[in-house]
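First the structure, which I've put down as structure tokens, then a few questions once you've had a look.
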Amino acid sequence: MSDQKRLFLVDAYALIFRGYYAFIKNPRINSKGEDTSAIMGFMNSLLDVIKRERPDHLAVCFDKGGSADRVEMFEAYKANRDETPEGIKTAVPYIYEILKAMHIPIMVKEGYEADDVIGTLAKKAEKEGYQTFMVTPDKDFAQLVSENIFMYRPMFGGGYETWGIPEVQKKFEVTDPLQVIDFLGMMGDASDNIPGLPGVGEKTAKKFLAAYGSMENLLANTHELKGKMKEKVEANSELGMLSKKLATIMLDVPVNFNEKDFEMSEPDIPKVTEIFQELEFRRLIDNFNKTFSAETVAPKVETTQSTEAKVSDKTETKTTPKEVKSAGAGQFSLFGGEDNSAEATPSNTRKTAENTSHFYQSIASGMATKLFVKNLMNQTSVCFDTETTGLNSLTAELVGISFSWETGKGFYVPFPEDKNEAQKLIETFRPFFENENIQKIGQNLKYDIKVLAKYNIEVKGKLFDTMLAHYLINPDMRHNMDVLAETYLNYTPISIVDLIGKKGKNQLSMREVPLEKQTEYAVEDADITLQLKEHFEKELGEANTQKLFDDIEIPLLRVLATMELEGINLDKGFLNSLSEQLNTDIEALVKNIYEAAGEEFNIASPKQLGIILFEKLKLVDKPKKTKTGQYKTGEDILSYLAKDHEIIQNILDYRGLAKLKSTYVDALPLQVEESTGRVHTDYMQTVAATGRLSSNNPNLQNIPIRTERGRQVRKAFIPRNEDYTLLAADYSQIELRIIAALSKEETMIEAFKNGEDIHASTASKVFGVPISEVTREQRSNAKTVNFGIIYGVSAFGLSNQTDLSRGEAKELIDTYYETYPKLRAYMSEQVDFARDHGYVQTVLGRRRYLKDINSRNAIVRGAAERNAVNAPIQGSAADIIKIAMINIHNKMKAGDYKSKMLLQVHDELVFDVYKPELEELSSLIKTEMEGAFKMEVPLDVEIDTGLNWLEAH
DNA sequence: CACATGTGCAA
DNA sequence: TATTGCACATGTG
């Protein structure tokens with residue numbers, strides 16, 4: 001390394017924003033409800049740089065008041081940037097405080113952007129003989145790169161890349177970094193509000209640069225261009241020059257580079273620790289101490305096993321796996337001294353397979369397998385993960401299975417392509433999978449269970465699914481393994497994309513991946529899942545979440561796997577003829593609409609439709625626009641206009657039929673699984689934040705029912721054969737019953753106990769008429785309010801949903817609360833509870849955290865308050881039907897019924913019932929559903945049967 | 001081919 | 001300015 005002095009200039013806001021958005025899906029919230037993502041993100045980056053590079057000179061640069069010059073040049077400059085998120089605003093003062101405590105100089109110059117400050121300082125430092133590193137992900141800085149000035153770019157997923165002249169040349173396809181200015185000027189930069197040349201994107205900009213070298217030269221030679229592009233560029237030459245100016249980083253900021261001011265000095269460790277403690281940054285305190293402890297001079301690699309690490313400046317760290325002990329009495333020593341250690345990449349402190357020591361071994365020979373299974377059978381708890389040829393568990397073939405029962409160690413069993421051979425191999429593992437006494441751990445076990453079921457292997461014994469565990473710990477977050485590993489283990493697993501490529505053209509099948517890579521990837525997954533399990537196990541115990549996990553979600557996983565494997569029979573022929581009828585009707589409507597419009601256009605394009613309706617036909621004086629400036633053409637908007645213009649009703653009809661055809665009638669037959677002839681939806685158990693299931697591929701929870709035409713689709717869902725019949729069992733008004741019971745609102749409870757029609761009953765009370773005299777309209781409005789209450793509706797919302805005016809809507813809501821006073825009290829109790837505890841919960845203690853409940857932003861807070869009311873209700877209903885499903889499944893299994901549970905639609909279960917079992921099963925289902933959870937309000941279930949799903953209602 | 005947007009279906 | 005979802009067609013790069 002040269003003796004040249006090195007200066008690091010950190011672009012604070014860029015790193016703060018980046019840190020904030022890196023956590024956007026899983027924001028860090030401390031116990032005070034503050035979003036500390038931005039601070040955490042920034043500090044991670046800063047410490048990372050310090051630890052990695054040990055700079056002798058460093059400063060952090062902020063903006064203040066924006067760039068007066070640029071705003072003068074271009075009014076819109078940064079004008080329509082979204083407002084700075086609250087989580088960032090609150091972060092900045094903390095970051096200032098921390099930097100002060102760390103004795104790191106802060107550079108700010110009123111009226112200048114950090115870009116300009118950094119640029120000016122970098123150039124000045126260069127004159128003093130420094131090497132300067134600009135720490136920022138912002139590509140604008142590439143224009144400043146020189147022999148002594150570099151960009152130091154944090155990369156997603158950890159690590160850094162350094163951009164010198166060659167990198168910039170390659171990246172932007174320029175000869176001189178200064179041309180980056182021309183490049184940005186041409187293509188523009190949405191995030192910086194640089195307009196750029198219209199119609200010029202990255203590709204065109206590069207082409208222009210290659211041909212003309214600069215914006216000026218391009219504009220001087222536009223005669224060489226052709227067609228539209230020529231017109232556009234010529235018409236916008238001024239905009240082009242302006243864009244170039246905006247993209248130029250200014251180098252004349254009045255700041256001085258006094259070396260002394262930028263020297264790194266010892267931080268005030270106690271002070272920094274105190275701030276971190278306040279922010280609840282436990283891991284960061286460790287990280288900080290490590291970074292500044294005396295002996296750490298070089299990048300240090302954490303390992304999961306004992307290491308013989310030689311740490312010295314700029315050398316790699318080697319780790320040696322421990323000799324593997326054979327477990328139990330068996331002589332299980334297949335694993336020789338193969339060196340699995342990997343070089344530590346100095347460019348990454350986040351642990352990855354590259355820099356973590358582990359022992360992963362593949363097991364190939366028959367003898368080895370037998371010994372391995374024997375060893376497996378000695379364990380009490382094993383994590384496993386199946387690797388398959390695809391994501392469809394019904395057709396996926398096993399490529400391998402990984403196992404781990406000890407952190408940092410695991411095994412991979414590759415499977416042969418030949419089906420008979422594969423079946424033979426899996427038979428070896430049957431004793432393991434079907435052993436009741438060995439706990440099976442996995443991430444999304446439903447998938448593995450389904451895959452193995454296709455090999456006729458049943459996974460028995462206690463289960464622990466890390467995905468489900470995390471769903472209960474915080475349902476609002478994401479639960480895929482990569483995110484969990486990064487969040488809880490600070491570990492970045494090998495990405496599947498690295499392994500098999502992006503989907504599309506050249507994506508590999510897992511089988512085509514070299515065995516060593518398969519092993520690394522697969523065993524790593526099992527290893528990580530095992531570590532996550534140890535982590536989550538403790539967290540689950542804290543709340544009554546443990547019961548929810550053991551008694552609801554885990555048993556439900558098996559129920560869902562069974563239902564999904566079962567699928568439902570679909571009458572393809574019926575849908576095909578329906579499709580033809582729709583086609584005829586749609587064609588007629590299209591013809592009609594074109595005539596009325598006076599031209600042909602794409603009716604399905606909201607953009608084109610908007611222009612026809614509101615520009616050509618001028619149907620409305622002031623049409624409403626969407627946030628992107630297009631005309632709104634939603635059903636609610638068009639319905640208002642229907643009475644005035646014939647074309648509107650035709651458009652609405654077209655929309656309805658086109659939707660029906662494309663989403664259901666034509667799409668469903670394509671979803672029939674070839675191997676079974678049935679439709680197999682996939683229930684997502686960890687998606688809905690309230691505890692509901694969701695359904696996809698296809699979504700069988702949104703099959704039409706409200707319109708006559710749409711309802712027909714349900715006729716296509718039929719029993720498996722003539723010995724069976726479809727049975728649908730619906731909870732009647734379960735959410736209203738729950739809110740009545742939870743609020744202890746006697747009036748409503750009584751109505752339910754008396755078996756009254758709740759909407760009519762509400763109408764009767766609210767409008768002050770006997771229940772027999774309630775009009776259809778009154779009942780309908782009462783129904784809307786009843787539902788609206790569950791969602792936290794406003795007078796505005798209610799008036800939009802009904803024919804009522806704002807005033808009438810408000811009056812109706814007021815009267816409603818007077819009729820059911822305890823309902824209102826209950827709702828505000830929920831909000832208060834959320835404010836105090838940061839979460840709300842269902843009848844079974846399922847939690848939903850509401851970080852925005854104390855937000856200063858009324859809109860954000862309002863949304864959180866509605867969630868506080870809605871989540872316990874929707875979630876409790878979800879809890880209850882889950883209980884019913886598990887109990888019904890178990891009884892049907894125990895009773896060895898031929899009938900099958902097929903579908904769940906939030907408050908409804910659909911069964912394929914073997915006719916001789918009908919009576920017995922109807923009563924079993926009703927009993928179990930109504931008895932799933934006892935409240936002061938009785939649950940009521942309506943059951944019906946028929947030749948198809950429509951008849952069963 | 002990937003992604004955002006607008007729209008609309010269900011409970 | 002009503003909750004939770006999923007999927008389609010269009011339009012853009």
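Source: prediction; values computed, not measured. Residue numbering restarts at 1 for every chain, and letters A, B, ... go by the order of the sequence lines.
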Just checking Asn697(A): base, sugar-phosphate only, or nothing, at a heavy-atom cut-off of under 4.0 Å?
sugar-phosphate
For dA11(B), does either OP1 or OP2 sit under 4.0 Å from a side-chain N or O belonging to Arg706(A)?
yes
Rounded to whole Å, the CG-C1' distance (Asn696(A) to dA10(B)) equals 14 Å
Can you pull the contact range of chain A along DNA chain C, 5' to 3', using atoms under 4.0 angstrom from its heavy atoms?
dT1(C) to dT12(C)
Please list every donor-acceptor pair under 3.5 Å in which a side-chain atom of residues 728-735 of chain A meets a protein atom from a residue at least two apart or in another chain.
{"from": "Tyr731(A)", "atom 1": "OH", "to": "Met929(A)", "atom 2": "O", "distance (Å)": "2.6"}
{"from": "Gln733(A)", "atom 1": "NE2", "to": "His759(A)", "atom 2": "NE2", "distance (Å)": "3.4"}

Less than 4.5 Å apart, side chain to side chain, heavy atoms only: is that true for Asp666(A) and Leu582(A)?
no
Applying salt bridge (charged side-chain N to carboxylate O under 4.0 Å, His left out), can you list everything that pairs with Glu708(A), at least two apart in sequence or on another chain?
Arg711(A)
Determine whether Asp585(A) and Gln581(A) satisfy the following criterion, side-chain hydrogen bond (donor to acceptor under 3.5 Å, both in side chains), listing intermediate values before the conclusion.
CA-CA 6 Å; Asp585(A) 295 355; Gln581(A) 290 169 35; over 6 Å; no
Between Asn702(A) (CG) and dT7(B) (P), how many Å, whole number?
18 Å
Indicate yes or no for a side-chain donor-acceptor contact from Arg847(A) to the backbone of Gln841(A) under 3.5 Å, with no hydrogens or angles considered.
no
Just to be sure I understand the rule, does Ala689(A) reach a base, reach only the sugar-phosphate, or reach nothing, if contact means heavy atoms closer than 4.0 Å?
sugar-phosphate
Distance check needed: dG8(B) C1' versus Tyr654(A) OH, whole Å only.
14 Å
Report which part of the nucleic acid Thr784(A) touches: base, sugar-phosphate, or nothing (heavy-atom distance under 4.0 Å, all strands).
base
With sequence neighbours excluded, tell me which residues meet side chain to side chain contact (heavy atoms under 4.5 Å, CB included) with Lys625(A).
Tyr631(A)
Heavy atoms only, 4.0 Å cut-off, all strands: where does Gln608(A) land among base, sugar-phosphate and nothing?
sugar-phosphate
Let me know the distance between OH of Tyr664(A) and P of dA10(B), rounded to the nearest Å.
6 Å
If you look at every strand shown and take non-hydrogen atoms under 4.0 Å, does Arg711(A) touch a base, only sugar-phosphate, or nothing?
nothing
Between P on dC9(B) and CZ on Arg709(A), what's the gap in Å once rounded to a whole number?
14 Å
Classify the nucleic acid contact of Gly788(A) as base, sugar-phosphate or nothing, counting any heavy atom under 4.0 Å across all strands shown.
base
Starting at atom CD1 of Ile738(A), determine the distance to atom C1' of dA11(B), rounded to an integer number of angstrom.
13 Å
Report yes or no: do Tyr816(A) and Asn786(A) form a side-chain donor-acceptor pair below 3.5 Å?
yes
Measure from CG on Asp636(A) to P on dC9(B) and round the result to the nearest Å.
11 Å
Could you say whether Met684(A) or Val793(A) is positioned toward the 5' end of DNA chain C, judged by the nucleotide with the nearest heavy atom to each?
Val793(A)
Is the backbone N or O of Tyr471(A) less than 3.5 Å from a side-chain atom of Thr686(A), with the two atoms forming a donor-acceptor pair by type?
no
Give Ile859(A) one of three labels, base, sugar-phosphate or nothing, depending on what nucleic acid heavy atoms sit under 4.0 Å from its own.
nothing
Report the distance from atom NZ of Lys632(A) to atom C1' of dG8(B), rounded to the nearest whole Å.
15 Å
Neighbours of DNA chain C within residues 866-878 of chain A, by heavy-atom distance under 4.0 Å:
Arg866(A), Asn867(A), Asn870(A), Gln874(A)
Arg848(A): what forms a salt bridge (charged side-chain N to carboxylate O under 4.0 Å, His left out) with it, not counting sequence neighbours?
Asp476(A)
Whether Arg692(A) contacts dA11(B) is assessed here as follows: a side-chain N or O lying under 4.0 Å from the phosphate OP1 or OP2. Is that the case?
no
Pick the closest DNA chain C nucleotide for Arg806(A) and for His906(A) by heavy atoms, then say which residue is nearer the 5' end.
Arg806(A)
Under the ring pair (Phe, Tyr, Trp, His ring centres under 6.0 Å) rule, what do Tyr839(A) and Phe833(A) come out as? Steps first, then yes or no, please.
CA-CA 7 Å; Tyr839(A) 67 89; Phe833(A) 185 93; 5.5 Å; yes
